[in-house]
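Nothing here was measured: the structure is a model prediction, and the numbers come from that model.
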Amino acid sequence: MTMSDGKSDPGGDDRDSEIAKETELVFLRNRVKELEAENAELLSQVSSCQCQQMEVKDDRLVRRRRVRKGDKNSIPSHLISKRYVALKIMYFGKRFYGFSAEAQMEPSVESEIFKALERTRLLIGDKKDSCYSRCGRTDKGVSSTGQVIALFLRSRLKAPTGDSEGQVNGRTGERPEYDYVRVLNRALPDDIRVTGWSPAPIDFHARFSCSAREYKYFFWRQNLNLSAMDIAGKKFIGEHDFRNFCKMDVANVHCYTRRVTFFDVSPCQNSHEGDQLCTFTMRGSAFLWHQIRCMVAVLFMIGQGVESVDVIDTLLDTKKTPRKPQYLLASEIPLVLRTCEFENVDFICSPGAAESLRSHFKNESLTYQLESVIYQEALRNCLPPCNVSTEQSSCNDVEKKKKRAEHVPLLSRPTEPSYEERAAKLKPRKQETCHV
């Protein structure tokens, strides 16, 4: 910069450089603000994008977990192939509080079966959705080799849902049907086994479609009179009112007439220390609550010689004997529901499942025999030896005579209320509950 006299001014150059610096500083500050704004905008975009991705991932994880847990809502039940099936079941009843789970006493055979059905995912929905029915409702401790239930199970059927003929005939397309016997037996406890399955028509009912039920009751012969018991047992054959040979359930049962079609007393192949194992075999269309055990209890009295054969006729005549005499039931452990018979129902068991069943039953039988040996060993070692002499045998005869003398004849015992008396007591209770 020059002055009028032509000489330079050094102060002017300094002012120009300061102005340039201030301008550059302002520009840089504005640029920093712009970059900060852009950075904030980019951060907001990135964060929103990550949230969406995480939500998608979380949703997928939840869905996967639901499917893995077998959530019923994952696949609609109407899209799952199913068929109506009858299952034949064996169980050793000693540890169970009966077959039915309705008594709310655990464990029951029925509850164990449904646990296995849920575990194997053969059950679609719940018990109510399966159209479930059972043939017999055995009591606490009673066993079975031929119990039958019916319900809808998962299937590989390709037939339409409404094609009942396809379900019965088993049109499953290229894939074979599930081996229900083998699949369920892997999930059941050792004292319950499925021994066969059969396709069933939609109108099949395990209880009401049953044409006959057969029971066996095992006992040791000892000194029982088999011929007398056989003569007495044959009197049960035919249609009779069995109210004196059962536990009356007045609230639910109003007719106590039942038909027995077969009765037999016979020795079995098993014996122990000279004592023969025997069995009662009874077949009929249906039986009342505790009917078999009541019949056996009276037959034992006849076999012991403390009651006559004619007492059966007297107890079956409900006009002559309207009230049941009080007597103890026979034990539940030896009672077995052997078979339930149906028309046009043929149970299936694959060769592999049948071989597994044979092996399992054999092993369980050997296990129980080992337990029996332990009690026999206790008899030998834990008690002093018993030398049976003629004097001791005569003493035993005296004791038996005393027992016979102490026996109160059935027809002289106190009696339970009659059906009419029980029903009369029940009516006021029903009226009270209606008013409430």
Side-chain angles (χ1 to χ4, degrees), residues 84-154 180-197 200 204-210 213-218 246-249 251-253 286-294 329-340 342 347 357 360-361 364 367-368 371:
Y84 201 50
V85 169
L87 298 177
K88 188 176 181 181
I89 299 169
M90 173 272 167
Y91 52 90
F92 188 72
K94 186 175 181 179
R95 76 177 180 95
F96 297 109
Y97 288 92
F99 183 83
S100 173
E102 294 173 0
Q104 297 180 347
M105 297 288 287
E106 293 296 332
S108 67
V109 180
E110 199 171 68
S111 62
E112 293 292 335
I113 291 172
F114 272 90
K115 287 177 186 177
L117 288 169
E118 292 173 357
R119 199 174 298 126
T120 56
R121 301 186 68 183
L122 288 174
L123 184 67
I124 302 172
D126 56 17
K127 186 177 178 180
K128 294 179 180 179
D129 300 328
S130 65
C131 296
Y132 172 76
S133 62
R134 57 176 174 259
C135 184
R137 185 175 174 174
T138 54
D139 297 322
K140 176 182 179 293
V142 179
S143 302
S144 175
T145 59
Q147 174 72 279
V148 174
I149 65 172
L151 73 170
F152 276 104
L153 294 181
R154 185 184 298 269
Y180 294 114
V181 176
R182 196 162 196 167
V183 172
L184 282 170
N185 285 341
R186 288 173 177 171
L188 285 167
D190 289 339
D191 45 7
I192 305 176
R193 279 295 179 270
V194 177
T195 59
W197 74 276
F204 178 84
H205 193 284
R207 178 185 175 189
F208 300 116
S209 299
C210 182
R213 298 165 175 84
E214 183 175 293
Y215 284 86
K216 278 183 174 289
Y217 192 97
F218 295 93
C246 72
K247 183 174 181 178
M248 277 194 279
D249 181 13
N252 299 307
V253 181
F287 291 90
L288 296 163
W289 190 10
H290 290 171
Q291 181 179 341
I292 302 291
R293 292 169 63 190
C294 285
L329 289 171
S331 172
E332 70 276 8
I333 298 300
L335 180 58
V336 180
L337 173 58
R338 183 176 174 272
T339 59
C340 301
F342 302 88
F347 289 98
L357 282 170
H360 177 76
F361 291 150
E364 289 297 303
T367 300
Y368 281 104
E371 293 179 3

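Residue Glu112 is tested with Leu117, Ile192, Asp191 for a side chain to side chain contact (heavy atoms under 4.5 Å, CB included); the sole match is Ile192.
Summarising the geometry, atom CD1 belonging to Ile149 is positioned 11.5 Å from atom SG belonging to Cys340; distances are rounded to the nearest 0.5 Å. From Asn185, atom CG reaches atom CZ of Arg193 across 5.0 Å, with rounding to the nearest 0.5 Å. Between Ile292 atom CD1 and Tyr217 atom OH the span is 11.0 Å, to the nearest 0.5 Å. If you take CG on Leu122 and CG on Leu184, they are separated by 5.5 Å, rounding to the nearest 0.5 Å. Here the OG1 atom belonging to Thr339 is positioned 4.5 Å from the CD atom belonging to Glu214, to the nearest 0.5 angstrom. To the nearest 0.5 Å, the span separating CZ on Phe361 from CG on Asp190 amounts to 11.0 Å.
Side-chain contact between Phe96 and Pro107: present, with at least one pair of heavy atoms (C-beta onward) separated by less than 4.5 Å.
The side chain to side chain donor-acceptor pair (under 3.5 Å) search around Thr138 returns Tyr91, not counting sequence neighbours. Under the rule for a side chain to side chain donor-acceptor pair (under 3.5 Å), the partners of Ser111 that lie at least two apart in sequence or sit in another chain are Glu106, Ser108.
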Verdict with reasoning, Tyr180 to Thr120, per side chain to side chain contact (heavy atoms under 4.5 Å, CB included): CA-CA 10 Å; Tyr180 294 114; Thr120 56; over 6 Å; no
Side chain to side chain contact (heavy atoms under 4.5 Å, CB included) assessment of Leu329 paired with Cys294: CA-CA 5 Å; Leu329 289 171; Cys294 285; 3.3 Å; yes
Verdict with supporting geometry, Asp139 and Leu335, side chain to side chain contact (heavy atoms under 4.5 Å, CB included): CA-CA 10 Å; Asp139 297 322; Leu335 180 58; over 6 Å; no
Pair Lys94-Ile333, side chain to side chain contact (heavy atoms under 4.5 Å, CB included): steps then yes or no: CA-CA 7 Å; Lys94 186 175 181 179; Ile333 298 300; 4.1 Å; yes
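Under a 3.5 Å cut-off, the side chain of Arg154 and the backbone N or O of Arg121 do form a donor-acceptor pair. Of the possible polar contacts, one joining the Ser144 side chain to the Leu337 backbone as a donor-acceptor pair under 3.5 Å is found. Looking only at distances, no side-chain donor or acceptor of Ser133 sits under 3.5 Å from a matching main-chain atom of Arg207. In terms of modelled atom types and a separation under 3.5 Å, the side chain of Arg293 and the main chain of Ala330 share a donor-acceptor contact.
Gln147 and Gly136 get closest at one heavy-atom pair: NE2-O, 2.6 Å. Shown here for Leu188 and Val194, the closest heavy-atom pair between the two residues is CD1-CG2, 3.8 Å. Closest of all the heavy-atom pairs between Phe287 and Arg213 is CE1-O, 3.7 Å.
Applying the ring-ring contact (aromatic ring centres under 6.0 Å, His included) definition to pairs two or more places apart or across chains, those involving residues 110-145 are Phe114-Tyr132.
Relative orientation of the Phe152 and Tyr84 rings is tilted, given thresholds of 30° and 60° on the angle between their planes. Between Tyr368 and Phe92, the two ring planes are tilted [angle within 30° to 60°].
In summary, Lys127 and Glu110 engage in a salt bridge, as defined by a charged side-chain N under 4.0 Å from a carboxylate O.
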